[in-house]
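Note: hydrogens, waters and symmetry copies are ignored here, and every other heavy atom, side chains too, is used.
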Amino acid sequence: MKVFIIGATGLLGSAAARELLARGHKVSGLALPPSPQQFVLPPGLDLTFGNLLAMTDEQILERICGFEGLVFAAGVDERLESDSNAYDMFYRYNILPLERLLPLAIEAGIRHVAVLGSYFVHFNRIWPARLLAARHPYIRSRADQEALALSFADQGLDVSVLELPYIFGAQPGRRPVWMFLVDTIRKMPLATFYPRGGTAMITLRQAGQCIAGALETTRGARSYPIGWFNLNWREMLEIFHRHLGLERPIITIPDWLFAMNGKRLKRDQLRRGIEGGLDLARLHEIMCDQAFIGREAACLELGVTEDDLDNAIGESVRLCLEIGQSPKLAIGMRGE
């Protein structure tokens, strides 16, 4: 299969490219410049630089014609804040590109599309009383993105949306999502304080397997809740501590204390005229629960195999430490 990846030099786009190339597919991609320093282009990837949002329909069609598969690995995550309406910002980066891209994909003759989404959409479905999409602009944007993408299956595309959880692994030259957590842990002098709860997670290599498997096997419209490892926060932090060289207690704080701190942080956002992707005053409703997804939910079907989570977390932590010493050597998300 000939596959085109939007966001091919990103953490997930490059992982998808490596896995697809290893399976014998031909892969091309589009990415925003600059490429991360120390980034090693996957051998065989035909890469061009450009801004999808600034391209005309004709320019996009020219790039994607002749391909059978399309991966949308662009967009932004919940870390990005807005000085106005957060949902509008997420709409611009996560939804609007697909509104233009998917009709063009049909016109170009593409048959298989994989969109990289968020596991928050899965929990929005199974925890309806918590109104996650209504309360968190980022989750609403991902739910709307997923609904939009899946609607195009009625127009002849095979569309998969991967509801991705925490992902561990490193891409040299790109700022990991874990920078904030590593900095927070290191600033706590005597112990690490964290709430109860936990999360599903996968390694970067497994993310590539999910994407390739979805492109190869999905027929019609499918959303895939992705998870392989399920760790509570204490278990995850113990691994972080070991790779940070820290020997100190991990203290589980009560839900009300975590919620109170979230409300304080939200008040600070309001004073600065900032809106985040997640409502920090309600974040305890997610963080203090077990956001677990078993591998049988989708990963086994997609052909995901066992991997070394400890090593993947170690790679993430070491890269955070390296970038902390030389921050100019790394790039982050769009807008950072």
Side-chain angles (χ1 to χ4, degrees), residues 1-31 41-47 63-75 98 101-102 104-119 121-122 145-146 148-165 167 169 200-229 293-307 312:
M1 187 189 310
K2 291 183 65 178
V3 180
F4 194 88
I5 300 175
I6 306 292
T9 62
L11 180 72
L12 298 178
S14 59
R18 287 189 176 88
E19 180 65 26
L20 287 163
L21 287 163
R23 297 185 183 201
H25 300 291
K26 295 182 179 180
V27 183
S28 299
L30 177 73
L41 196 70
L45 173 62
D46 180 16
L47 179 68
R63 297 291 178 91
I64 65 176
C65 273
F67 290 87
E68 302 161 75
L70 177 69
V71 178
F72 185 76
L98 284 177
L101 186 61
L102 294 180
L104 295 174
I106 294 171
E107 186 175 345
I110 286 173
R111 290 288 302 122
H112 312 287
V113 174
V115 175
L116 308 193
S118 169
Y119 84 153
V121 180
H122 169 70
Q145 179 196 53
E146 180 167 311
L148 170 73
L150 295 177
S151 72
F152 278 85
D154 295 332
Q155 302 180 46
L157 290 178
D158 295 322
V159 181
S160 58
V161 179
L162 297 164
E163 298 170 340
L164 296 168
I167 298 170
M201 52 191 72
I202 57 173
T203 68
L204 185 58
R205 184 184 68 83
Q206 290 176 321
Q209 291 179 325
C210 286
I211 298 165
L215 274 182
E216 292 173 343
T217 64
T218 298
R219 297 298 178 265
R222 289 288 304 273
S223 57
Y224 294 102
I226 302 300
W228 189 270
F229 307 96
I293 300 173
R295 59 190 66 178
E296 68 282 353
C299 279
L300 294 177
E301 178 184 351
L302 293 174
V304 175
T305 58
E306 189 63 71
D307 205 1

Looking at [atom1] of [X] and [atom2] of [Y], how far apart are the two atoms once the value is rounded to the nearest 0.5 Å?
X: Asp46; Y: Leu41; atom1: CG; atom2: CG; value: 9.0 Å
X: Leu162; Y: Ile211; atom1: CG; atom2: CD1; value: 6.0 Å
X: Lys26; Y: Leu20; atom1: NZ; atom2: CG; value: 14.0 Å
X: Ser160; Y: Glu146; atom1: OG; atom2: CD; value: 10.5 Å
X: Ile293; Y: Cys299; atom1: CD1; atom2: SG; value: 8.5 Å

Any donor-acceptor N/O pair, [X] side chain to [Y] backbone, under 3.5 Å:
X: Ser118; Y: Leu164; answer: no
X: His25; Y: Met1; answer: yes
X: Glu163; Y: Ser223; answer: no

Inset, instruction - Evaluate the side-chain proximity of Phe72 to Leu98: yes if any heavy-atom separation is below 4.5 Å, no if none is. - result: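 Sidechains of Phe72 and Leu98: in contact.
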
Inset, instruction - Indicate yes or no: at least one non-hydrogen side-chain atom of Trp228 is less than 4.5 angstrom from one of Gln209. - result: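 Side-chain contact under 4.5 Å: no.
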
Inset, instruction - Quick one: list whatever passes side-chain hydrogen bond (donor to acceptor under 3.5 Å, both in side chains) with Glu19, sequence neighbours left out. - result: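 Residues passing side-chain hydrogen bond (donor to acceptor under 3.5 Å, both in side chains) with Glu19: Arg23.
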
Legend entry - Set of residues satisfying side-chain hydrogen bond (donor to acceptor under 3.5 Å, both in side chains) with respect to Thr218, sequence neighbours excluded: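 For Thr218, the residues satisfying side-chain hydrogen bond (donor to acceptor under 3.5 Å, both in side chains) (neighbours in sequence not counted) are Tyr224.
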
Legend entry - Partner of Leu12 under side chain to side chain contact (heavy atoms under 4.5 Å, CB included), chosen from Leu116, Val71, Ile5: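 Among Leu116, Val71, Ile5, the one meeting side chain to side chain contact (heavy atoms under 4.5 Å, CB included) with Leu12 is Leu116.
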
Legend entry - Sole candidate of Ile226, Ile167, Leu215 that passes side chain to side chain contact (heavy atoms under 4.5 Å, CB included) when paired with Cys210: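 Going through the options one by one, the only one that passes is Ile226.
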
If you compare all heavy atoms of [X] against all heavy atoms of [Y], which two are closest, and at what distance to 0.1 Å?
X: Leu204; Y: Ala15; value: CD1-CB, 3.7 Å
X: Phe4; Y: Ile64; value: CD2-CG2, 4.0 Å
X: Leu21; Y: Pro43; value: CD1-O, 3.4 Å
X: Ala200; Y: Gly227; value: CB-CA, 4.2 Å
X: Leu70; Y: Val3; value: N-CG1, 4.4 Å
X: Ala153; Y: Ala221; value: CB-CB, 3.5 Å

Using the salt bridge (charged side-chain N to carboxylate O under 4.0 Å, His left out) criterion, which residues pair with [X]? Sequence neighbours excluded.
X: Glu296; answer: none
X: Arg295; answer: Glu306
X: Arg63; answer: none

Inset, instruction - Applying side-chain contact (heavy atoms from CB on, under 4.5 Å), name anything that partners Ser14, two or more places apart in sequence or on another chain. - result: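 Residues passing side-chain contact (heavy atoms from CB on, under 4.5 Å) with Ser14: Arg18, Phe39, Gln171.
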
